[in-house]
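Lettering of chains follows the sequences in order, A, B, ..., and the numbering in each one begins at 1.
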Amino acid sequence: MPEFIKELKRTHSCGALTAKDVGAEVILFGWVANRRDHGGAVFIDLRDREGLTQVVFEADTDAAVQATAHELRLEYCVGVRGKVVSRGGNKNPKLATGEIEVHAIQLSIFNKSEPVPFPIEDKVDTAEEKRLNHRYLDLRRAPLQKSLMRRSKMNLITRETMGSMGFLELETPFLVKYTPGGARNFLVPSRLSPGKFYALAESPQLFKQLFMVAGFDRYFQIVKCFRDEDLRLDRQPEFTQIDIEMSFVTQDDIFAAVEKLIVKLWKEILGVDIPAPFPRMRFEDSMRDYGNDKPDLRFGMKHVELTGIVADHAGCGVPLWEPLLGEADASGKKKMKPGQIVKAIKVPASANFSRTETDKLEEFVKGMGSKGLARAKVDEAGNWTQSPLAKTITPDARAAINAACGAGAGDLLLFQFGKESQVHTVMANLRLHLGKKLGLIPEYGPRDPTDPNSWNFLWVVDPPLFEYDDEAHRWAAAHHAFTRPHDESVQFLETDPGKVLCHRYDCVLNGVEIGGGSIRLHDPVVQARVFAAMGIGAEEAEQKFGFLLQALRYGAPPHGGIALGMDRLAMLLTGAESLREVIPFPKTQKGTDLMTDAPNEVTEAQLMELFIKSTAKKAEPADAAAQPKA
RNA sequence: GGGGUGUUAGUUAAGCUGGUUAUAACGCCGGCCUGUCACGCCGGAGGCCACGGGUUCGAGUCCCGUACACCCCGCCA
């Protein structure tokens with residue numbers, strides 16, 4: 001068998017042969033994707049990453065080869081030497097290589113395969129848990145191979161494009177100093193420094209700024225990042241960013257560079273021309289109309305802000321809304337309590353939801369912590385029916401709300417009210433849910449990847465620099481402490497920190513945040529005022545971020561940057577349903593690897609060497625025995 | 001930390017208001033077959049119904065708990 005590989009080199013992939021190759025003698029290597037054994041003749045679909053080719057063993061094949069052919073089973077790894085023959089009247093139009101087949105002359109089984117735990121086919125209907133258990137087999141599926149090959153191409157295009165714009169690909173360490181704030185870090189104990197720990201870098205943030213201080217001017221890196229936070233459909237504990245930093249630039253310069261890269265990716269991967277520059281939306285507008293900072297602009301159903309109307313109408317006669325109002329002022333007028341809002345979404349009459357369907361919507365919002373889903377159906381006269389609000393609401397208020405929502409006969413209004421952040425979370429998710437339910441957007445992915453109108457890119461700009469931390473009762477950096485405030489906003493740093501806007505930006509595509517960054521703060525005086533606004537003194541700042549602050553004092557250039565989520569880009573460009581489909585070896589929602597069984601326990605000796613003692617409760621022996629074995 | 005969905009041959013599923021031998025398809029094993037491409041035909045093996053308790057004369061089915069997987073909130077850009 002080894003002689004086969006030693007002497008016979010592969011001439012073609014299994015996706016390469018066409019009618020023009022008829023008559024050629026070829027050598028193919030691959031896996032048995034399917035077999036059809038007719039006794040006298042055996043048909044084998046041979047698969048590699050490029051495609052499928054039918055190999056035939058007929059009666060005129062050498063008897064020994066014919067005998068081996070009968071032994072073939074699914075997923076055997078084999079080599080075949082044979083002649084390319086036209087299929088004549090038996091063409092298979094479903095196959096790229098369907099015009100030809102290879103009449104085998106020589107066959108070598110490199111390795112047999114045990115029966116595979118699930119079928120290796122394009123259609124994926126195996127439980128993900130089982131797929132992850134045998135990921136190397138799952139990865140034999142053509143769709144996954146296509147996705148990862150596409151991702152490889154993305155890497156290539158990124159390096160070419162960034163290089164052509166004068167960016168240097170520079171590396172940064174993974175084992176870094178722990179810095180407080182932001183995402184939770186994975187910690188790595190240091191053997192050489194007993195009792196001390198590294199952190200795995202959650203991003204190269206500080207180092208890329210240091211590259212700018214050093215004068216590298218334009219940096220990029222395709223880099224792994226690590227965050228010890230709970231997982232989601234689009235969040236893995238280790239993920240890849242296209243990390244970018246530039247000196248002597250404005251926000252617009254960074255947008256232009258990113259747009260160039262993205263336009264190139266979409267052109268070369270999908271053949272689609274994405275119009276640039278991308279539209280921009282103020283953070284404030286995004287929150288008001290969509291309830292989050294990553295609006296999906298492929299459909300309407302904007303949120304309707306009713307807070308002002310409810311306040312103006314003194315609660316509108318709705319008992320549930322009256323507690324949202326504060327004390328009356330001198331004129332007897334009541335204002336909404338701070339942080340309390342009322343919003344609605346209008347579901348058009350055409351949707352015609354049944355009681356059961358609206359009850360399901362209520363379950364949906366309750367799952368997000370909402371107390372319920374008040375609703376009102378509008379009739380021809382503008383009256384509300386099927387609504388707990390209808391009895392008590394004043395006609396004036398009702399008319400004002402109908403007008404604000406643009407509601408007419410048959411339309412359904414859905415309300416949320418209370419704490420702003422809660423209302424926004426629920427309403428943002430409700431809008432997306434309704435968009436999918438009404439068929440305005442697909443469950444996932446773009447409607448038609450080859451249509452530029454299926455891709456709604458957007459820059460969300462000018463967010464507040466700080467957000468108030470309710471628990472710590474102080475202002476905290478919304479992004480990070482080194483974001484440059486707007487010049488016009490700096491005056492509010494001391495008086496009204498919530499009003500300070502900054503040069504931070506997110507790139508959003510179809511409701512997915514695909515990147516975010518900022519112009520950095522390089523003025524030490526303003527930097528000190530920013531720290532002060534967060535209650536961080538000079539000493540504390542120095543202790544936490546000393547090396548960066550110090551570096552910024554040595555002639556740091558004005559600079560800024562962005563990081564794009566490579567995995568999310570790959571997910572969107574492949575139409576994948578989850579990040580896990582574009583990551584070769586992903587983790588489960590609990591952060592485990594079902595194939596290798598990581599993380600696992602280590603020996604007492606290993607811990608001692610690292611000066612660590614675990615406080616985790618050991619599993620009872622009885623429980624351990626109950627665990628399914630690998 | 002909280003809410004939701006699920007777990008039945010190797011795989012995908014069916015199994016109704018509890019009823020005695022738990023079905024099917026694909027895969028696997030054996031046999032037959034020269035034009036298939038979801039090949040076909042005949043025969044066969046394969047199950048602690050995730051695990052642990054409970055209710056009941058009787059549990060795959062009902063109840064409680066646990067584990068695992070997935071989705072969401074919190075968390076995280």
Side-chain angles (χ1 to χ4, degrees), chain A residues 33-45 52-61 66 70 73-75 87-95 97-98 101 114-134 181-184 202-203 205 225 227-237 239 241 292-294 363-370 421-422 425-426 428-429 432-433 460 463 478-480 504-508 512-518 562-565 568 577-578 580 588-590 592 594 619-620 622-628:
Chain A
N34 199 5
R35 73 187 176 101
R36 294 172 291 279
D37 188 340
H38 289 223
V42 181
F43 299 88
I44 296 295
D45 293 337
L52 283 182
T53 299
Q54 175 165 279
V55 178
V56 192
F57 303 84
E58 285 195 299
D60 59 1
T61 313
Q66 177 77 241
H70 285 297
R73 294 294 182 272
L74 295 181
E75 299 310 321
R87 290 218 208 168
N90 289 313
K91 293 187 170 71
N92 183 348
K94 282 184 269 182
L95 227 51
T97 59
E101 62 192 3
E114 291 181 14
V116 284
F118 48 80
I120 313 298
E121 54 191 20
D122 292 3
K123 186 167 167 282
V124 179
D125 63 353
T126 309
E128 198 170 0
E129 194 176 351
K130 278 152 189 153
R131 296 171 56 198
L132 293 177
N133 253 310
H134 301 272
R184 189 179 291 121
E202 60 182 79
S203 81
Q205 182 61 42
C225 302
R227 294 182 188 168
D228 187 9
E229 297 293 346
D230 284 9
L231 285 72
R232 287 284 189 283
L233 181 75
D234 58 354
R235 276 165 34 189
Q236 282 274 310
F239 59 98
Q241 287 188 340
N292 64 23
D293 58 355
K294 45 173 187 173
E363 288 308 309
F364 177 79
V365 300
K366 279 183 173 171
M368 279 174 290
S370 174
S421 58
Q422 162 80 11
T425 297
V426 171
N429 283 312
L432 291 173
H433 183 75
V460 175
H479 186 53
H480 64 78
R504 195 186 108 209
Y505 31 83
D506 283 344
C507 189
V508 178
V512 178
E513 185 207 310
I514 57 171
S518 65
I562 191 166
L564 301 172
R568 289 182 183 175
E577 193 168 352
S578 107
R580 297 185 297 276
T588 69
Q589 192 154 58
K590 277 188 70 186
T592 64
L594 296 178
E620 297 291 325
D623 289 346
Q627 295 298 314

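The backbone N or O of A:Ala183 sits nowhere less than 3.5 Å from a side-chain atom of A:Arg227 that would complete a donor-acceptor pair. Without hydrogens or angle criteria, A:Gln241 side chain to A:Cys225 main chain gives no donor-acceptor distance under 3.5 Å. Of the possible donor and acceptor atoms, one in the side chain of A:Glu229 sits under 3.5 Å from a partner among the backbone N and O of A:Arg184.
With rounding to whole Å, A:Leu432 atom CG is found 13 Å from B:rC72 atom C1'. The distance from atom CE of A:Met368 to atom C1' of B:rC71 is 12 Å, rounded to the nearest whole Å. Rounded to whole angstrom, the span from the NZ atom of A:Lys91 across to the P atom of B:rU36 amounts to 15 Å. Residue A:Gln66 contributes atom CD, which lies 12 Å from atom C1' of B:rC33 at whole-angstrom precision. Atom CG of A:Leu95 is separated from atom P of B:rG35 by 20 Å (rounded to the nearest Å). Atom CZ in A:Arg87 sits roughly 15 Å away from atom P in B:rG35 (whole-Å rounding). Nucleotide B:rC42 holds its C1' atom 16 Å from the CG atom of A:Asp37, rounded to whole Å. Atom pair A:Asp506:CG and B:rA77:C1' shows a separation of 7 Å (rounding to whole Å applied).
With hydrogens and angles ignored, a donor-acceptor pair under 3.5 angstrom links the side chain of A:Arg504 to the base of B:rA77. No donor-acceptor contact under 3.5 Å links the side chain of A:Arg227 to the base of B:rC76. Within 3.5 Å, a donor on the side chain of A:Glu101 pairs with an acceptor on the base of B:rG35, or the reverse.
For the C1' atoms, the distance linking B:rC48 with B:rA59 amounts to 14 Å, nearest Å. Here the separation of B:rG3 from B:rC75, taken at their C1' atoms, is 15 Å to the nearest Å. B:rC49 sits 16 Å from B:rU12 when the C1' atoms are compared, rounded to a whole Å. The same atom, C1', is picked in B:rG47 and in B:rU11; the two are 14 Å apart, to the nearest Å. Rounded to whole Å, the separation between the P atoms of B:rA9 and B:rG52 comes to 15 Å. To the nearest whole angstrom, the two P atoms, one in B:rU8 and one in B:rG1, are 26 Å apart. Comparing the same atom, P, in B:rG18 and in B:rC29 gives a spacing of 41 Å after rounding to whole Å. One C1' atom belongs to B:rC62, the other to B:rU55, and the distance between them is 8 Å to the nearest Å.
Among the atoms of the strands shown, only primed sugar atoms or phosphate atoms (P, OP1, OP2) are found under 4.0 Å from some heavy atom of A:Lys590. At a threshold of 4.0 angstrom between heavy atoms, the contacts of A:Asp228 with the nucleic acid are absent. Counting non-hydrogen atoms under 4.0 angstrom, A:Asp125 reaches the backbone sugars and phosphates but no base. Using a 4.0 Å heavy-atom distance criterion, A:Gly182 is classed as a sugar-phosphate-only contact. Residue-level contact check: A:Ser578 touches neither bases nor backbone, having no heavy atom under 4.0 Å from any strand. Residue contacts for A:Ala563: at a heavy-atom cut-off of 4.0 Å it reaches no nucleic acid atom on any strand shown. Across all strands, A:Lys94 comes closer than 4.0 Å only to sugar-phosphate atoms, never to a base (heavy-atom distances). Across all strands, A:Arg580 comes closer than 4.0 Å only to sugar-phosphate atoms, never to a base (heavy-atom distances).
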Validation: residues 114-125 of chain A side-chain donor-acceptor distances under 3.5 Å, sequence neighbours left out:
from: A:Lys123; atom 1: NZ; to: A:Asp125; atom 2: OD2; distance (Å): 3.2

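One distance of note links CZ of A:Phe43 with CG of A:Asn34; it measures 12.0 Å at 0.5 Å rounding. Atom-to-atom distance recorded for A:Asn429:CG and A:Met368:CE is 4.5 Å, nearest 0.5 angstrom. The line from OG1 of A:Thr588 to CG of A:Leu231 is 7.5 Å long, rounded to the nearest 0.5 Å. Put simply, CD on A:Glu513 and NZ on A:Lys294 are 7.0 Å apart, with the number rounded to the nearest 0.5 Å.
For A:Gln54, no side-chain nitrogen or oxygen approaches OP1 or OP2 of B:rU36 to under 4.0 Å. Put simply, A:Thr592 has a side-chain N or O that comes within less than 4.0 Å of OP1 or OP2 on B:rA69. For the pair A:Arg36 and B:rU36, the criterion of a side-chain N or O lying under 4.0 Å from OP1 or OP2 is not met. The phosphate of B:rC73 (OP1 or OP2) has no side-chain N or O of A:Thr425 nearer than 4.0 angstrom. Taking 4.0 angstrom as the limit, A:Lys130 places a side-chain polar atom (N or O) nearer than this to OP1 or OP2 of B:rU12.
A 3.5 Å limit on both hydrogen-bonding distances identifies no Watson-Crick or G-U partner for B:rU55. In this structure B:rU61 sits in no base pair that meets the Watson-Crick or G-U test at under 3.5 Å. Of the nucleotides present, B:rU7 is the one that pairs with B:rA67 by Watson-Crick or G-U wobble criteria, both distances under 3.5 Å. Taking a pair to require two hydrogen-bonding distances under 3.5 Å in either a Watson-Crick or a G-U wobble arrangement, B:rG43 pairs with B:rC29. When both distances must be under 3.5 Å, the Watson-Crick or G-U wobble mate of B:rC16 does not exist.
Here A:His38 lies parallel enough and close enough to stack on the base of B:rC39, with planes under 30° and ring centres under 5.5 Å apart. With centres under 5.5 Å and a plane angle under 30°, the ring of A:Phe43 is stacked against the base of B:rU36.
Proximity note for A:Gln589 (side chain, C-beta onward) versus B:rA77, B:rC37, B:rC70: the nearest is B:rC70. Considering only side-chain atoms of A:Asn92, the nucleotide from B:rC37, B:rC71, B:rU12 that sits closest is B:rC37. Closest contact between the side chain of A:Ala59 and the listed nucleotides B:rC75, B:rU34, B:rA77 involves B:rU34. Distance from the side chain of A:Thr588 is smallest to B:rA69 among B:rA69, B:rU12, B:rC75. Of the candidates B:rC75, B:rC71, B:rG35, B:rC75 carries the atom nearest the A:Glu229 side chain, counting heavy atoms from C-beta on.
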**Item:** Protein-to-nucleotide contact annotation, 5' to 3' order, nucleotides 24-31 of chain B [B base; S sugar-phosphate only; - none; under 4.0 Å, heavy atom]
**Value:** ---S-SS-
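With sequence neighbours excluded, the residues satisfying side-chain contact (heavy atoms from CB on, under 4.5 Å) with A:Ser578 are A:Leu233, A:Arg580, A:Glu581. Not counting sequence neighbours, A:Phe57 has no partner by the ring pair (Phe, Tyr, Trp, His ring centres under 6.0 Å) test. Take A:His70 and apply the ring pair (Phe, Tyr, Trp, His ring centres under 6.0 Å) test, not counting sequence neighbours, and it matches no residue. Not counting sequence neighbours, the partners of A:His480 by the ring pair (Phe, Tyr, Trp, His ring centres under 6.0 Å) test are A:Phe482.
When the nearest nucleotides of RNA chain B are assigned to A:Gly40 and A:Arg235 by heavy-atom distance, the more 5′-ward of the two goes with A:Gly40.
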